[in-house]
Amino acid sequence: MSQVQGQKTVVFVKSLILYSFMSVGAVFVLFPFFWMIFVAVKPEGQAFSLTVSFAKPLWKNFVSIWCDPSYPFGRFFINSIIVATSGGLLTTLFCAMGGYVFAKKEFYGKNILFWFLLSTMMIPGMMFLVPQFAIVTKLHWINTYRGMVLPHVASVFGIFLMRQYMETIPSSLIESAKIDGASELQIFGKIIVPLSSAVMTTLFLLTFLFHWSNFLWHLVVNTPDSSKLTIPVGLALFRGQYQMDWEKMMAASCFAIIPIVIIFLLAQKFFIEGLTTGAVKE
Amino acid sequence: MLKSKTRETVVAYLFMAPFLVIFASFLLYPVFYSFYLSFRTVSPTTDMFSVFTDMKFVGFSNYLRLLKDFDFWWSLVSTGYYAVLYIPLSIAASLMLAILLNNQLKGHSLFRSAYFLPNVLDMFVVGIIWLFIYAPHYGILDRILTQLGITYFAEKGVLANGKTAMLGVVAALVLKNAGFGMILFLAAIQNIPVSVYEAADIDGANEWQKFKNITLPLVVPIVLFLLITGTIGALNAFAEIYAMTGGGPQMVVAGKTVGATNVSGYYLFRQFERMNYGDAAAISYFLLAITLTISYMNVKLLHRK
Amino acid sequence: MKSWKLEVGSWKWFYLLPFTFYLLPFFTGCGKIQKQKYEGEKIITLWETYNHEEHNLFLEIVRDFEKLHPDIRVNVQRVPFSGMRMKLMTSMITHTAPDIARVDVAEPPRLVISKSIIDLTPFGALKLAKEIVPAAVNSNIFEEKFFITGSTSSQKHIFGIPDQTTGAALFYNREMFRQAAIKNPPENWEQFVVIAKKLTVDTNGDSKIDQYGFAMDNSLWWGFPFYNTFGVKFLSADGKSCLLNSDEAKKCLQFQVDLYHKYKVEAGAWQAGSVSCDQGFINKKYAMIFSGPWNVKKFKDSKLDFGIALIPKGKAGTSTNVGGTDMVILREAKHPKECYQFLEYLVSVDAQKKWCNTLGQIPVNLKAYPYIDTSKNPEIKVFMEQMKTAIARPPVIDYDQLEYVMNQEVYTARTKEKTVEKALEDAVKRINEEILSY
């Protein structure tokens, strides 16, 4: 009886220690968000003054960015969601397919192709800006969703990430499936994808984040009167020549972060699921 | 056997087709075009309405000029310093966080989200906050330290001090990015079935042995990934510098004035901003050669283990 | 075949997300951007980088202009300030550039030399230029030999019209002045040092200075008030060599360095990562700073008791730097004459009255000065006075690089890693090599 109680105490103490570590770290790490909200509820121009003052009403900045006619935040928001979601989905799919063959198949040109792809990842993105813009202009993809999303869908980073994970999938699984007569697509869809759901979700998240904050490209591919401008471009409108509208910018940033937080919280479920789907029937 | 490999090749390229189509359309041409540009140069009289066609051919002079440029070599040195600080710290931090959060305590999802969240923030916002913390006299860090009697940062703060500026930037960045690596490690660790650990327990292994023999080997691919992406990141880094120090503080090295945090990514950015496309292209390819060499060595090193 | 179907569960609904959001725009009437029908009208596209307030007022001014010129339509498009240069560059390459663009005053030299903007002299702009504040319009005027290779003519040509001009003045905290029993702001640099010393105090008795008399930014832009008042010339008359190793320049930089090291009245705000002048001023840590009209409202809203004065006089009197923007007409504009008509209207007294009185900004048109309602915006008076003696920045092709080099070398002088002489000599050498030789 006392042994069980003793074990329970040990577990309890362990949890307590863990909780305290995690909480301290979490406060530290969440500090920027508290600061953002703090600034967003301040009256105009007071972002950096140490006096604690509040806008009247408190949510004035939040409301004004949604209702200002010269600042269609609602549209920016929707455009960002469309661009980021489609970008995330397409990239995850394409890179999963590509990463799988690099991880599990032997084929001609594999090494050379891989290192070539890797090299292109080592060239800073800004070098591609102007040539890609020229291509997109020729294709008449200016002011379109496809112009904003497609050029960045071939992410070498994604293929590399997928490859590293899929390498750890036991080849025996694939062999057995082949013996059972499964086709390539079936192997991919029924074995590889479920086992990689965790990393695919991660890639989706990261790609989503990338497209969500891709300021320079969205700015360049859209004309200033485009109906498809996204949040980062919108946020930049708060930065004037000499000063910045910090309070409104922080309010807008708060809104901009919400979808990501939601998606991430939802995606957390996959890590739990990843744990159970990782179980291999040997 | 050959037939099998050929078949594999066909299948492989079919799977890669969507990716390769986009890649070939949007990435291949810019890559080769940038290379072509590195042999040309922009002058102030270059027609901005047709910059690329109006650039003059200059052969290797962009590259040669780079080799003679003290600023450029210094940027490589400071990038190396940056990489040596940032990469090990961030990998260690991510791994530690992953181990810390690899539990089933109530609310663990929330904690994991919390640690990932800084990654989501705009570098600009993060930069401002750290400027607050690092400022001299009135910054939070200095205030805390002077209470404890340490006045090292009172006059200059962290970012105006040539010795600590880079450390300051790296620390801010590690805290921001640790969540990303943590997720990758978590995904890898959680892919290891519990049964394996249980079997080890039955065999009488202790915590360290379990870590060394089960966790660590399966985490190596991620470490390699983070190493390579970290190296690439270090050589292209510029947003954090832009947000926090603008390349400064200025110091005098070998009689020349250089910025303590002027890394190669920032150096490249400045060339690009000034429309020196030829120089920017030359720098990119130079950096590419370096990154490729380092990455190749990393791979060889970790595969030998 | 063994059952490989594993629990993939809820991630399928991810696919539904994009569909819902794709449908939303159709329901929320996203076509709010007006698509008007232009018939037989001359359409001018204009890119501007104003903030919200300015943008809305600008649209009004455009409407006023269109009423006067029914055959011209101005299509105003808003670009974020930080992205303007990139957008302009990429649009020029793809021949989708606007007709008129609002650019920073440092941009025209390069645009002129690369023949990207139109010479406005044939439209009679030089006559118009005489009515504009010299500091503002001079950044748009170039001699023939500057942009025509092989020419030796000093014939002046004008390439842009300023739409906004601004400069720095001396802001001081009146409360701190009262506490130190100082009646008036300093009129010259000697008085400045004396006053600043009185204002650099330990306010809470912990034997640490927590209030500084002055704070300055390192960048060249903020250094111009010093250089101009000391009579420092940056470039030779032919623009080919840098004159920063002159005696005046050395005296000037030494003075700036002394403020921190010798007189100890400067807060070290020039250092990387320090509390900026604006922030410190608002939070009552700095008694005097240089700042511009854009901060007036902010300071007022934080209930700061402050005053504005002219930059203290040096050997060359009082002066300040010039910031602001110019409107230029791009080379591929289809209706250059109509574009010029709009620019003419923009600087007209009527438009200037409306603009400056509503926003509290300095007019670019000298003729509009008498109409400015200084009772509504009293601070404007000082700035308007200051702009009369302001000196425009040296016209160089790559102003950014000039600033970069200067900021670097000046920084090392401030930290005493280099002497003032050496820093300036090195700066001159680099500027001559990197920027002036092309």
Side-chain angles (χ1 to χ4, degrees), chain B residues 42-54 71 124 127-128 130-139 142 146 151 153-162 164-165 168-169 244-253 255-262 270-277, chain C residues 85-86 88-95 97 109-117 147 149 206 208-210 212 218-219 267-276 279-280 283 285 330-332 397-398 400-401 404-405 407-415 417-418 422-423 426-427 430 435 438:
Chain B
V42 171
S43 73
T45 48
T46 307
D47 183 6
M48 287 162 106
F49 280 91
S50 50
V51 180
F52 294 139
T53 40
D54 211 30
D71 241 349
F124 197 61
I128 299 290
W130 282 99
L131 282 175
F132 265 153
I133 299 177
Y134 287 148
H137 299 301
Y138 314 114
D142 179 56
T146 33
T151 51
F153 294 117
E155 261 316 296
K156 290 196 191 169
V158 172
L159 296 175
N161 186 335
T164 55
V169 174
M244 289 173 75
T245 60
Q250 308 299 333
M251 343 189 292
V252 181
V253 172
K256 300 227 177 179
T257 310
V258 289
T261 55
N262 191 11
R270 292 213 66 254
Q271 296 308 319
F272 192 76
E273 245 203 331
R274 296 166 61 197
M275 284 205 292
N276 287 348
Y277 294 128
Chain C
R85 181 189 264 184
M86 181 62 77
L88 210 53
M89 280 174 8
T90 49
S91 71
M92 286 200 268
I93 291 174
T94 50
H95 302 280
R110 178 124 192 209
L111 292 171
V112 166
I113 285 214
S114 59
K115 302 196 181 16
S116 309
I117 56 180
F147 60 94
T149 33
D206 61 353
K208 265 182 12 165
I209 308 268
D210 25 35
Y212 286 88
N218 182 58
S219 76
W270 51 270
Q271 296 171 119
S274 57
V275 177
S276 75
Q279 279 176 42
N283 292 319
K285 306 259 188 277
L330 280 292
R331 189 174 85 202
E332 296 190 339
I397 297 296
D398 197 346
D400 281 346
Q401 186 65 2
Y404 184 74
V405 170
N407 292 349
Q408 274 195 316
E409 300 296 345
V410 163
Y411 195 95
T412 58
R414 290 189 209 267
T415 55
E417 276 194 69
K418 280 193 190 176
K422 179 123 195 345
D426 287 345
R430 285 174 71 182
I435 303 170
Y438 56 84

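We name chains A, B, ... by the order of the sequence lines, and we start the count at 1 in each one. Note that this is a predicted model, so its numbers are computed, not measured.
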Practice problem: Please check if the side chain of Q271(C) supplies one atom and the backbone of A160(B) the other of a donor-acceptor pair under 3.5 Å. | Solution: no

Exercise. Flag the one option from K208(C), E332(C), K115(C), Q401(C) with the top tally of heavy-atom pairs under 4.5 Å to chain B.
Key: Q401(C)

Exercise. Write down the atom of S114(C), the atom of M48(B), and the distance for their closest heavy-atom approach.
Key: OG-SD, 3.3 Å

Quiz item: Measuring heavy-atom distances to chain B, does A267(C) have an atom under 4.5 Å in its side chain, in its backbone, in both, or in neither?
Solution: backbone

Quiz item: What part of N262(B) gets closer than 4.5 Å to chain C, counting heavy atoms only: side chain, backbone, both or neither?
Solution: side chain

Self-check item: Within-4.5 Å side-chain heavy-atom neighbours: Q279(C) and L131(B)
Solution: no

Self-check item: Side chain / backbone / both / neither for D71(B) at chain C, heavy atoms under 4.5 Å
Solution: side chain

Quiz item: Which one of M244(B), R270(B), K156(B) has the most heavy-atom pairs closer than 4.5 Å to chain C?
Solution: R270(B)

Quiz prompt | Gap separating the NZ atom of K256(B) from the OG1 atom of T412(C), nearest 0.5 angstrom | solution = 13.5 Å

Practice problem: Counting only heavy atoms closer than 4.5 Å, note whether T257(B) contacts chain C via side chain, backbone, both or neither. | Solution: both

Exercise. Could you tell me which residues satisfy ring pair (Phe, Tyr, Trp, His ring centres under 6.0 Å) with W130(B), sequence neighbours excluded, listed by chain and number?
Key: Y134(B)

Self-check item: Heavy-atom pair of closest approach, residues Q408(C) and G259(B)
Solution: NE2-N, 3.9 Å

Quiz prompt | Rounded distance [0.5 Å steps], CZ in R274(B) versus CD1 in I397(C) | solution = 12.0 Å

Quiz item: Does any heavy atom of chain C fall under 4.5 Å from the side chain of V42(B), the backbone, both, or neither of them?
Solution: side chain

Self-check item: Closest heavy-atom pair and its distance - A97(C), F49(B)
Solution: CB-CE2, 4.1 Å

Quiz item: For Y212(C), what residues pass the side chain to side chain donor-acceptor pair (under 3.5 Å) criterion, not counting sequence neighbours?
Solution: H137(B)

Practice problem: Check whether V258(B) gets within reach of chain C through its side chain, its backbone, both or neither, counting any heavy atom under 4.5 Å. | Solution: backbone

Quiz item: Taking atom OG1 of T46(B) and atom CD1 of I113(C), what is their separation to the nearest 0.5 Å?
Solution: 11.0 Å

Quiz item: Nearest heavy-atom pair of P136(B) and G273(C): which atoms, and what distance?
Solution: CD-O, 3.7 Å

Quiz prompt | Shortest non-hydrogen contact between M251(B) and E417(C), atoms and distance | solution = CA-OE2, 3.7 Å

Quiz item: Heavy-atom distance under 4.5 Å to chain B: side chain of R331(C), backbone, both or neither?
Solution: both

